[in-house]
Amino acid sequence: MTADSPNPASRPPHPLALAAIDALARRPGARVLEVGAGSGRNTRALRAAGFEPVSLAAADGPAAAALSSHALLHGTRAELEALLGAIARAIEPGAPLFATFGSVNDARYGEGIAVEPGVYAPEFGDEAGVAHIFFDEAGLRALLASAWEILSLEERAVDEIAGSWAHERAPLRGARHWFAIARRRV
Ligand SMILES: C[S@@+](CC[C@H](N)C(=O)[O-])C[C@H]1O[C@@H](n2cnc3c(N)ncnc32)[C@H](O)[C@@H]1O
């Protein structure tokens, strides 16, 4: 089964969801904050592994980890900072974050209307007018520095991993995202 499987129920979980499940092996039943669940492939994997996925809106007490695959891509820097702040407040001090971020090496970087440095909104297509934020390594490290200790950071080609179902009218070509694992500073 590939990430592009037509049946949403059969799409494999994101590699960072699997990393989160591994990292929480000693916390059976723990709450995991999930931001941007989309088709629910990660939600299903978390539940199958015995965890309790929760959203920011439904968070009921701090979660043991946060997971966000291919969702922290939209908006301005201020909006992303606000969202990361909300994520940090919704998890335990020292808890891990497993998240992807757009890279300046993504084929879409620089396309469309320049909204602010590093932020562009496509003029056409299914995401016309939606701001997309991109980072180089130093920029991403700077974004995370105050609230998060970065444990690993890797840039990866994600056309297959992000999945073409998310961009049906314009399948991803040349998408590159950062895979970050970080720990909330206490
Ligand atoms: C490309 S899908 C990825 C879904 C899933 N995480 C996966 O990897 O299959 C992006 C998801 O993030 C959501 N999303 C985008 N920006 C968001 C934000 N600022 N806050 C919460 N969800 C967001 C979208 O509604 C969509 O469900």
Side-chain angles (χ1 to χ4, degrees), residues 1-21 31-49 51-59 63 65-91 96-103 106-109 112 115-116 118-122 125-135 140 143-144 147 154-181:
M1 220 41 84
T2 72
D4 286 344
S5 299
N7 175 7
S10 64
R11 288 172 192 152
H14 192 274
L16 285 180
L18 298 176
I21 288 167
R31 280 195 198 96
V32 180
L33 175 68
E34 198 188 0
V35 176
S39 67
R41 58 176 170 158
N42 295 338
T43 318
R44 285 187 292 279
L46 290 168
R47 283 211 185 97
F51 299 107
E52 182 191 349
V54 295
S55 73
L56 267 176
L67 169 65
S68 183
S69 60
H70 310 300
L72 303 179
L73 302 168
H74 296 165
T76 61
R77 185 182 176 93
E79 288 165 342
L80 183 54
E81 282 177 350
L83 182 54
L84 282 167
I87 292 171
R89 287 190 295 277
I91 65 175
L97 164 70
F98 299 81
T100 64
F101 297 86
S103 166
D106 189 290
R108 293 194 293 174
Y109 175 66
V115 176
E116 62 182 41
V119 180
Y120 296 86
D126 53 358
E127 293 190 313
V130 178
H132 285 64
I133 186 161
F134 302 86
F135 296 92
L140 184 54
L143 174 82
L144 297 173
E154 181 190 5
E155 193 203 70
R156 293 183 57 171
V158 294
D159 289 354
E160 296 300 321
I161 296 171
S164 60
W165 72 85
H167 300 267
E168 280 170 12
R169 279 188 278 166
L172 291 175
R173 290 212 174 77
R176 294 190 71 86
H177 292 173
W178 294 104
F179 283 33
I181 302 177

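Indexing begins at 1, ligand by ligand and atom by atom, following the structure's order.
Phe135 and Phe101 have perpendicular rings, their planes meeting at more than 60° on a 0 to 90° scale where under 30° would count as parallel. Ring geometry, His70 versus His177: the interplanar angle falls from 30° to 60°, so the pair is classed tilted.
Around atom 23 (C) of ligand 1, the closest heavy atom drawn from Gly36, Pro12, Ala17 belongs to Gly36. When the heavy-atom distances from atom 10 (C) of ligand 1 to His74, Glu34, His70 are ranked, the shortest goes to His70. The heavy atom nearest to atom 15 (C) of ligand 1, considering only Ala99, Ala71, Ala86, is found in Ala71.
Of all atoms in ligand 1, listed by their number and element, those nearer than 4.0 Å to a heavy atom of Val35 are 21 (C). Below 4.0 Å from some heavy atom of Arg41 lie the following atoms of ligand 1, by number and element: 7 (C), 8 (O), 9 (O). Of all the atoms in ligand 1, the ones that sit under 4.0 Å from a non-hydrogen atom of Gly38 are 4 (C), 27 (O).
Taking only nitrogen or oxygen atoms, main chain and side chain alike, His14 does not reach within less than 3.5 Å of ligand 1. On a distance-only criterion, Leu83 and ligand 1 share no N/O pair closer than 3.5 Å.
Ala37 counts as a contact of ligand 1, since one of its heavy atoms falls under 4.0 Å from the ligand.
Heavy atoms of Leu72 found under 4.0 angstrom from ligand 1: none, in either backbone or side chain.
Counting all heavy atoms, side chain and backbone alike, Thr100 lies closest to Ser69 at OG1-C, 3.6 Å.
For the pair Arg47 and Thr43, the minimum side-chain heavy-atom distance is below 4.5 Å. With a 4.5 Å cut-off on side-chain heavy atoms, Arg44 and Pro13 do not count as touching. You'll find the side chain of Ile21 reaches within 4.5 Å of the side chain of Leu46, heavy atoms only.
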- Given Leu16 and Asn42, is the side-chain contact (heavy atoms from CB on, under 4.5 Å) satisfied, shown in steps? CA-CA 9 Å; Leu16 285 180; Asn42 295 338; over 6 Å; no
